[in-house]
S.K.: 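I am attaching a structure below and will ask some questions about it afterwards.
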Amino acid sequence: MNGKHITKLGFENKAIGLALSAANVREGAGAGRNEILAELKAVKGHPQAYAVGGVYAELAAHLLAENAKNAVKKGVALHESPLPYRVWGEDLIEPGARAQMDVAMRLPISRDGALMPDAHVGYGLPIGGVLATENAVIPYGVGVDIGCSMMLSVLPIKATDLSVDEAKSLLLKHTRFGAGVAFEKRERDDHAVLHEQTWKSQPILGHLYDKAAAQIGTSGSGNHFVEFGTLTLHQPDVGLEAGEYLAILSHSGSRGFGAQVAGHFTGVAHKRHPNLDKAAQKLAWLPLEEEDGAAYWEAMNLAGRYALANHDLIHARLARALKITPLAQARNSHNLAWKQLVNGQELIVHRKGATPAGAGQLGLIPGSMADPGYLVRGRGNPDALASASHGAGRQLGRKAAANTLNRKDVQAYLKQHGVTLIGGGIDEAPQAYKRIQDVIARQSDLVDVIAEFRPRVVRMDTGSEDV
DNA sequence: ATGTGC
């Protein structure tokens with residue numbers, strides 16, 4: 001056993017001497033070289049397990065101290081307690097989501113945050129979490145479906161003039177659902193976003209271009225939907241008279257393109273912070289002034305524009321089939337990060353399942369497949385970093401929903417609310433969501449409700465278990 | 001959420 005074997009394992013400076021003397025002790029006790037090297041490797045991997053006592057205790061203690069020092073040096077130590085942040089609808093939020101937000105507010109890059117009333121546990125940052133950081137972006141603070149968004153088209157047709165059968169056949173013919181789905185080559189629509197030079201700015205975007213071009217205008221799976229419904233406008237607004245309108249509401253994201261961008265940069269961020277406190281591992285960030293951070297920012301924003309383009313084409317296709325031009329439209333992203341002034345300082349505001357709600361800004365907050373959704377106008381509340389909930393929020397996880405609910409429950413709920421469903425799954429049952437009326441009531445200081453949308457004919461992907 | 005890996 002000599003220093004060469006030790007340094008090969010990655011020990012440095014004082015650790016080399018400590019490892020060597022521990023190795024000598026083990027050799028003296030009759031241990032073989034490979035055995036000792038394996039032990040040293042284990043000590044390096046998990047020093048905390050060896051620091052309590054034994055021949056490797058001194059080495060382990062030294063490694064722990066070095067790790068801690070490096071963690072501080074790299075700025076990866078978490079603050080002991082979270083920065084203060086406000087919570088809307090605390091009575092509706094499970095403790096796990098609060099705990100995740102607490103961890104996020106302990107990051108050294110965090111400056112401000114808020115939790116929306118639809119909050120529930122997610123990967124890293126909770127869904128319904130709003131997090132403002134300084135000069136850094138967290139891929140898992142945006143989420144896997146980058147640019148996931150909502151769009152509403154108000155149509156120049158009376159709600160009663162489109163039959164359920166017509167609505168069904170339009171949705172079946174002109175929308176596409178499911179993981180991996182793309183439009184048939186002859187059916188593809190073009191969009192300005194596909195002609196951006198951004199696709200050529202980094203290899204990953206170039207590699208994903210064909211997939212993006214094939215999938216644009218499609219709807220994916222999970223909680224994504226396209227639906228016809230009745231919009232009730234309480235007072236004249238958005239250029240329309242008060243009254244009832246037929247409308248299309250869609251929820252969709254950046255499909256496979258965004259998912260792969262998210263996966264790639266999550267890995268990059270993870271590698272950038274190998275020593276990040278375990279509680280915050282999924283909140284690994286990328287400094288915006290570094291190449292990787294700038295690349296993510298560029299790709300994220302492209303995925304955001306792509307997701308909105310996706311909605312554009314979904315609505316355009318249906319409008320074309322109906323031979324009409326929408327009277328009014330509204331849209332918003334709810335999984336994205338923005339540069340925003342917070343108390344006079346430019347910060348990176350992540351909204352992961354949160355609707356931008358700047359003063360006067362329109363937003364869409366859907367309920368469930370059978371519950372109303374709302375067209376809202378933001379109040380620009382600074383305590384919420386000008387945000388609102390992005391929906392009702394889950395009350396039951398997907399597995400819990402499948403275990404607790406059955407198709408009869410869902411069918412009865414649909415019937416009671418006069419909703420016809422194409423596709424759908426038990427994990428998307430209305431009963432798996434919080435009551436949207438409660439969630440809206442908890443954020444009256446964040447948004448004003450302009451109009452209520454009641455779904456009538458809804459298309460979703462076929463879920464894990466039919467309803 | 002994606003269409004893939006634990």
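Note that this is a predicted model, so its numbers are computed, not measured.
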S.K.: Just the rounded figure in Å: distance from P of B/dT2 to CG of A/Asn310.
M.R.: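 Spelled out: CG on A/Asn310 to P on B/dT2 is 10 Å.
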S.K.: How long is the line joining CZ of A/Phe257 and P of B/dT2, in whole Å?
M.R.: 14 Å
S.K.: Please name all residues satisfying side chain to side chain donor-acceptor pair (under 3.5 Å) with A/Arg317, sequence neighbours left out, ordered by chain then number.
M.R.: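 By the side chain to side chain donor-acceptor pair (under 3.5 Å) rule, A/Arg317 matches A/Asp189.
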S.K.: Scan A/Gly220 against the nucleic acid and name what it touches under 4.0 Å (heavy atoms): base, sugar-phosphate only, or nothing.
M.R.: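 Sugar-phosphate: the residue A/Gly220, judged by heavy atoms under 4.0 Å, touches backbone atoms but no base.
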S.K.: For A/Arg255 and B/dT4, what is the distance between atoms CZ and C1' respectively, to the nearest whole Å?
M.R.: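 It works out to 15 Å between those atoms.
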S.K.: Show every salt bridge (Lys or Arg N to Asp or Glu O under 4.0 Å) that has at least one partner inside residues 355-377 of chain A, sequence neighbours left out.
M.R.: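 Residue pairs with at least one partner in residues 355-377 of chain A: A/Asp237-A/Arg377.
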S.K.: Can you tell me the distance, in whole Å, between the CG atom of A/Leu208 and the P atom of B/dT2?
M.R.: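 Roughly 14 Å, once rounded to whole Å.
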S.K.: Specify the separation, in whole Å, of atom CZ of A/Arg176 and atom P of B/dT2.
M.R.: 16 Å
S.K.: Would you confirm whether the ring centroid of A/His334 sits within less than 6.0 angstrom of the ring centroid of A/His251?
M.R.: yes
S.K.: A/Asn335 CG to B/dT2 C1': how many Å, rounded?
M.R.: 14 Å
S.K.: If only side-chain N and O atoms count, and only distance matters, is there a donor-acceptor pair under 3.5 Å linking A/Thr232 with A/Arg454?
M.R.: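 Distance-only check passes for A/Arg454 and A/Thr232.
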S.K.: Output the rounded distance in Å from CD1 (A/Ile146) to C1' (B/dT2).
M.R.: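 The answer, rounded to whole Å, is 12 Å.
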S.K.: For the pair made of CD in A/Gln215 and P in B/dT2, what is the distance, rounded to whole Å?
M.R.: 8 Å
